[in-house]
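Worksheet: one structure, shown below.
Both counts, for ligands and for their atoms, begin at 1 and track the order of listing.
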Amino acid sequence: MGQMRGSDFLQIVSDQAPPRGRTRWLADRLRAAIAGGTVPVGTRLPATRVLAAELSLARGTIAASYQLLIDEGLLATNQGGGTTVAAAPVASEVRTPSPDVEGEPDLLDISSGLPDLSAFPRAAWLRAERLVLATATSRELGYVDPQGEPRLRAALAGWLARSRGVTVSPDSVIVTAGVAGALSLLSQVLRDRGVTGCAIEDPGADGTRRVLEYWMDTISPIPVDGEGLNVDRLAASGERAVLVTPAHQFPTGVVLSPQRRRALHAWAEDVDGLIIEDDYDSEYRYDRAPVRALQAAAPDRIVHVSSLSKVLAPALRLGWMIAPSHLRQDLVRKRWATDLGSPALPQLVLAELIESGALERQLRSLRLRHRERRDAAVRALAEHLPGCGIAGIAAGLHLVVSLPDGVDDAEISARARDLGIGVQPLSRHRFEPGPPGLVIAYGSHPIPRLEQAIATLGTLVP
Ligand SMILES: Cc1ncc(COP(=O)(O)O)c(C=O)c1O
């Protein structure tokens, strides 16, 4: 298959390009051209320099569009640096998915920290699933290991060691139904051992708190300050288990300081306690490399939990737990007795995505996209809520805006809902009363929608 001449095959001219979002626009055109057969598999695409000149677009825009399609598996680079069409999308992949999160119709919901679900790598997932189905042995379609598919545990062990500095062997990985599944399993095993209470951060995530409240008899809120969890207050609580979000505290965004990390380890040794490290969104660090996980410093005292919910999609209900050896057997037995373990096929697909590098590529592209959205949210806040402090922007998928003293954040949230905006008041994540604020999740909406939501909030804050 020869090389395409310039932009002929796209049948587009540059003045059709929208002023913003040109990378996606061009990628959509290319994807449609590949799907329609105008650009068949095997075609060599024009060099970015050539196409940039013909379309009067920046070379970086062309390169970024090519990269998007490389990430989707439709294009591939060859050894000489050229780009060729590697696969045609199936019909369902051509449809541009709705950019908005499903939910209440007419509600522009910036209340939960979802990743950009419109960027879910549908083509890469389908390709991996096809490969898995083509190569799975009959045995792999039988009953699964309740601890998780060995291939996935090995892939996760390598990935977590590389990306999070976790001390891990495939044996120490337990595949779970998300963080919620890990917490539920762990709570039950702790109860069997007589630990019926758990300390949590205040403010802290109300979702994980509710799971622990379901299983435990006591929940002890421990204040969080600019260095993270107050370990003296934890020691005074008498609890022997604590749930923390050290890399990016939810919701404040604070990173647990080195002193507090050491104090937390010392606390666990003193009380023969257990630290549950919820590493939910640590892959998104925008100013420097992600903060390393706590777990490596005390693998016998720390259970490290995380999931695909912030990386791919919560609907997959796939997560993992790195558990100390003294808990492992009980955890796996409990999982076996509960439901015999997680479904095998999605586990094998995830293993394939990790092994092929597709998951890391997806993360790299999401990091850029989420960062752009964060920057847009910060700009819109400066314009529409000037004077309100903003915290927690260095990482994750959400930020916190502080509201003027005396403002009732729950009331602002209720009034926002009347205007079609879903936003969480900071008070929802607090046990003890504290300064008012709003938790703004910026990951899941395109920039104009985000700006629209923040502009509306601006009309509500005095
Ligand atoms: C603090 C925190 N931990 C964990 C999760 C993910 O939970 P799951 O893996 O059960 O979807 C979330 C989701 O929003 C969260 O906010």
I need the atoms of ligand 1 closer than 4.0 Å to a non-hydrogen atom of K310, numbered in the order shown.
12 (C), 13 (C), 14 (O), 16 (O)
Starting from the C-alpha separation in whole Å, work towards a yes-or-no answer on side chain to side chain donor-acceptor pair (under 3.5 Å) for S413 and Q424.
CA-CA 6 Å; S413 162; Q424 286 185 353; over 6 Å; no
Taking R328's backbone N and O only, do any of them form a donor-acceptor pair with Q147's side chain (distance below 3.5 Å, no angle check)?
no
Classify the ring geometry between W320 and W159 as parallel (under 30°), tilted (30 to 60°) or perpendicular (over 60°).
perpendicular
With heavy atoms of G178 as the reference, note each atom of ligand 1 found under 4.0 Å away.
9 (O), 10 (O)
Electrostatic pair D206:R209 at N-O distance under 4.0 angstrom
no
Classify the angle between the aromatic ring planes of F250 and Y280 as parallel (below 30°), tilted (30 to 60°) or perpendicular (above 60°).
perpendicular
Enumerate the atoms of ligand 1 whose separation from the nearest heavy atom of V179 is less than 4.0 angstrom.
4 (C), 7 (O), 8 (P), 9 (O), 10 (O)
Give the numbers and elements of all ligand 1 atoms closer than 4.0 Å to a heavy atom of R317.
8 (P), 10 (O), 11 (O)
What part of D278 sits under 4.0 Å from ligand 1 if we count only heavy atoms: the side chain, the backbone, both or neither?
side chain
re atom 11 (O) of ligand 1, the protein heavy-atom contact at minimum distance is S309 OG, 2.6 Å
Close-contact set for ligand 1 against A205 heavy atoms, below 4.0 Å:
1 (C)
among protein heavy atoms, the one nearest atom 5 (C) of ligand 1 is Y280 CB, 4.1 Å
If the threshold is 4.0 Å, N to carboxylate O, is there a salt bridge linking K310 and E283?
no
Centroid-to-centroid, H370 to H398, below 6.0 Å?
no
Element-labelled atoms of ligand 1 that are located less than 4.0 Å from some non-hydrogen atom of A180:
10 (O)
Judging by distance only, is a nitrogen or oxygen of T208 under 3.5 angstrom from one on ligand 1?
no
